[in-house]
Every structure is written in C-alpha cells, then in structure tokens.
Amino acid sequence: MEARPGREEGKGDMESFGARLHRAMDERGPLCVGIDPHPALLSRWGLDDDVAGLDRFARTVVDALGDRVAVVKPQSAFFERFGSQGVAVLESTIRQLRNLGSLVLLDAKRGDIGSTVQAYASAYLDPSSPMYVDAVTASPFLGVGSLAPMFELAAEHGGGVFVLALTSNPEGASVQRARGADGRSVAQTILDEISQLNAGAEPLGSVGAVIGATVGETGCDLSAVNGPLLAPGLGAQGATAADLRVVFGSALPAVLPAYSREVLGAGPDPDALRAAADRAVAECRAVLAMS
C-alpha cells in the first residue's frame, strides 16, 4: 500500500481528527463511552425494547454525557435492528452529540472494496451525509488498501478511521496473530500500514487502531503508529485501567480507553451516569499519567 504523507489539516483549513481528538482528551479526559442499547440494558433501565425505548435511552445518555465526554461511540447495529426508525434515532443522536461538543465515533466496522467502500465512506465521512460522524471503525480484512476511499475522504474533511487490529473476542486471535511469509503477524502488518498513513502527522495522526484492552501482551510494535489506539473491553468486559499498561506499554499516551456497560449500567439517572463517567476518566488518567 502506498504511503500517504501525514497531515495536520484536511481540506482547506479543516483541522484534522487527530488534532481534535488530542485536544478533546486534554480538555475532557481520556475516555470514550459507547452507546450500546442492547435489549438487556434497555430492560435494566426500565425501557421497552422498541424504538421509543431506544430513543429515550439515547437521549438520556446524550443529555448526561454529551457535554463532558471526549468521545461517544454509538454502536450502529443496536440502532439498525429497528430498521429505518432506529436509523433515524441514530442520526438524531449523532447530531445532538456533535452539537454538545463530543466527538462521535460510529462503531460500524465497515469494510469492502471499490465502489462499495466508497459508499461507506460517503455515508459516514462526508459532511453532506445525515450520518456524518467524526470517525468510524473499519475492518481491514479485505486488505488495508481496500479502505483507501475511507482514508482519503477522512483526510479531506478532517475525519478519522479506526482500523481493527487486535480485537478482544477470542475468535480473533487465530486470524490477527497469524504470521505471514515475512514473519509479521497480521495485526503487525495492519499497524505498519497505519503507521505509513500517519507518518509526519502532529500532534497525532487521524488513522487509529482498535486493540482490545483484554488481549494482554500484544507481541506487536506500537511505537510507530502515531495515531490513536482505541482500547475497548474495559469494565464489564473484564479489563481494568491498569491492564492498559500491559497491553500498550510505552504507547500509553496515544490510548483512548473505551467503556460501555460499566458507565451505562449506572443509568438511567443522569447524575449517576455522569459520576460513572467521571470515575472512569479518573482511573484512566491515573494510569496514562504513568507513561
């Protein structure tokens, strides 16, 4: 894959996603909160598993956290399962979060080739789209180069892309830790290609990697990535903030810790949600400060 030069700005004077994320983490703290309205969580909140419950859930999270959390990560599938009405709630959620100053990372894990990945890029990274977000997750397992339309549109409009590298699900290891003819693992190959995309960017590149906080020793060299490292799996999925040191080592300053159920489970009371988010920020700041 041909390397593209790092850049601080997108089209014209558009500030890069990496720069905006760096500032948001400084100002609001190193925390990404997922919005994952699965049926059990809706029930725990006393909400029906329908569009009205979905809307109430999303609005409550937005109102409680949208003006204080650096990044909010709606999981697209939990909205899509309600069809067009659920997607409408997602669009509204995205708009509300952006109005409150949170960066919006849509967890969609899209990946394809040619005109199809171009369409995904247009759906999420073009400011004219009703689904426009600051960044999107993407799957590289058709080849990192297949995601080029996403990288290009993100760079043009100051957006970001988080590429799956080492995921926390147990099934992922057989693919992601497999080694190619050159001896590198699949995950390391992905990270090396991300490094090329971020080369020279300051203070942080706009192409990130997703590395689960539960994966333990990665066996990967993260030193050249120069982009944000999204670390899902904290809290209810089993990892603690202290585990970030084991997984990321010297790359800790680039880590964006991600919590979902650990924070959302404190709802539906807005004050309890805010308190849970504040605790998560404090725990992560304490660990990241040791880097």
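On a predicted model such as this, the values are computed, not experimentally measured, just so you know. Worth knowing before you read on, the calculation uses all heavy atoms, side chains too, and leaves out hydrogens, waters and symmetry mates.
Residues V72 and V62 fail the side-chain proximity criterion, which asks for heavy atoms closer than 4.5 Å. Residues I190 and E193 have side chains not in contact (no heavy-atom distance under 4.5 Å, counting atoms from C-beta outward). In this structure the side chain of F141 reaches within 4.5 angstrom of the side chain of V175, judged on heavy atoms. The shortest distance between side-chain heavy atoms of P270 and D63 does not fall below 4.5 Å. Contact check for L256 versus P30: no side-chain heavy atoms found under the 4.5 Å cut-off. P149 is not listed as a side-chain neighbour of Y120, based on a closest heavy-atom distance of 4.5 Å or more. Using a 4.5 Å heavy-atom threshold, the side chains of F151 and V163 count as touching. Side-chain contact check for P257 versus E283: every heavy-atom pair is 4.5 Å or farther apart.
Using a distance-only test at 3.5 Å, with no hydrogens or angles considered, no donor-acceptor pair links the side chain of D134 to the main chain of L105. A distance-only check finds no donor-acceptor pair linking the side chain of S185 to the backbone of R177 [under 3.5 Å]. In terms of modelled atom types and a separation under 3.5 Å, the side chain of Q176 and the main chain of T167 share a donor-acceptor contact. Within the 3.5 Å criterion, the main-chain N or O of G265 finds a donor-acceptor partner in the side chain of R44. With hydrogens and angles ignored, the 3.5 Å screen pairs a side-chain donor or acceptor of S146 with a backbone N or O of G143. A donor-acceptor pair under 3.5 Å is formed between the side chain of S102 and the backbone N or O of G66. A side-chain donor-acceptor contact under 3.5 Å links S122 to the backbone of Q118. Proximity of a side-chain donor or acceptor of T137 to a complementary backbone N or O of A108 within less than 3.5 Å is detected. Q188 places a side-chain N or O within donor-acceptor distance of the main-chain N or O of D221, the cut-off being under 3.5 Å. Using modelled atom types, no side-chain atom of T60 and backbone atom of P268 make a donor-acceptor pair closer than 3.5 Å.
One distance of note links CD1 of I35 with CZ of F78; it measures 12.5 Å at 0.5 Å rounding. If you take CD on E15 and CZ on R23, they are separated by 4.0 Å, rounding to the nearest 0.5 Å. Interatomic distance, L41 CG to D36 CG, rounded to the nearest 0.5 Å: 8.0 Å. A distance of 11.5 Å separates CD of E152 from NE2 of H157, quoted to the nearest 0.5 Å. Summarising the geometry, atom CD belonging to E80 is positioned 8.0 Å from atom CD belonging to Q75; distances are rounded to the nearest 0.5 Å. A distance of 9.5 Å separates CG in L97 from OG in S92, rounded to the nearest 0.5 Å.
Nearest heavy atoms, S129 versus A123: OG-O, 2.6 Å. Here the closest heavy-atom approach between residue G160 and residue A154 is recorded as N-CB, 4.0 Å. Heavy atoms only, all atoms of each residue included: T214 and Q237 are closest at CG2-O, 3.9 Å. Looking at every heavy atom in both residues, V225 comes nearest to N198 through O-ND2, 3.0 Å. The two residues V133 and L125 have their closest heavy-atom pair at O-CD2, 4.3 Å. Between L264 and G34 the shortest heavy-atom distance is CD1-O, 3.2 Å.
A salt bridge is defined here as a Lys NZ or Arg NE, NH1 or NH2 lying under 4.0 Å from an Asp or Glu carboxylate O, and R274 with D271 meets this definition. A salt bridge does not link R56 to D48: none of the charged side-chain nitrogens sits closer than 4.0 Å to a carboxylate oxygen. Using a cutoff of 4.0 Å between basic side-chain nitrogens and carboxylate oxygens, R81 and D49 are scored as salt-bridged. Taking the charged nitrogens against the carboxylate oxygens, R59 and D55 do have a contact shorter than 4.0 Å, which makes a salt bridge.
Between the side chains of D192 and Q196, not a single donor N or O lies within less than 3.5 Å of an accepting N or O.
Note on L153 and Y132: separate hydrophobic clusters, where clusters join Ile, Leu, Val, Met, Phe, Trp and Tyr whose side-chain heavy atoms are under 4.5 Å apart, directly or indirectly.
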ask   = How far apart are the C-alpha atoms of V117 and R110, what are their side-chain angles, what is the distance that settles it, and do they pass the side-chain contact (heavy atoms from CB on, under 4.5 Å) test?
value = CA-CA 8 Å; V117 77; R110 302 299 192 231; over 6 Å; no

task = Could you walk me through whether V161 and L197 pass side-chain contact (heavy atoms from CB on, under 4.5 Å), step by step?
result = CA-CA 11 Å; V161 181; L197 294 164; over 6 Å; no

Verdict with reasoning, Y259 to L31, per side-chain contact (heavy atoms from CB on, under 4.5 Å) = CA-CA 8 Å; Y259 288 77; L31 179 64; 3.4 Å; yes

ask   = Can you check side-chain contact (heavy atoms from CB on, under 4.5 Å) on V89 and Q85, steps first, answer last?
value = CA-CA 6 Å; V89 173; Q85 290 180 301; 5.9 Å; no

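Counting heavy atoms of neighbouring residues, nucleotides and ligands inside a 6.0 Å radius, atom CD1 of I113 does not exceed 12 of them.
Partner I211 forms a side-chain contact (heavy atoms from CB on, under 4.5 Å) with one of V247, L164, L230 and no other, that one being V247.
Between F57 and W45, the angle of the ring planes lies from 30° to 60°, which puts this pair in the tilted group.
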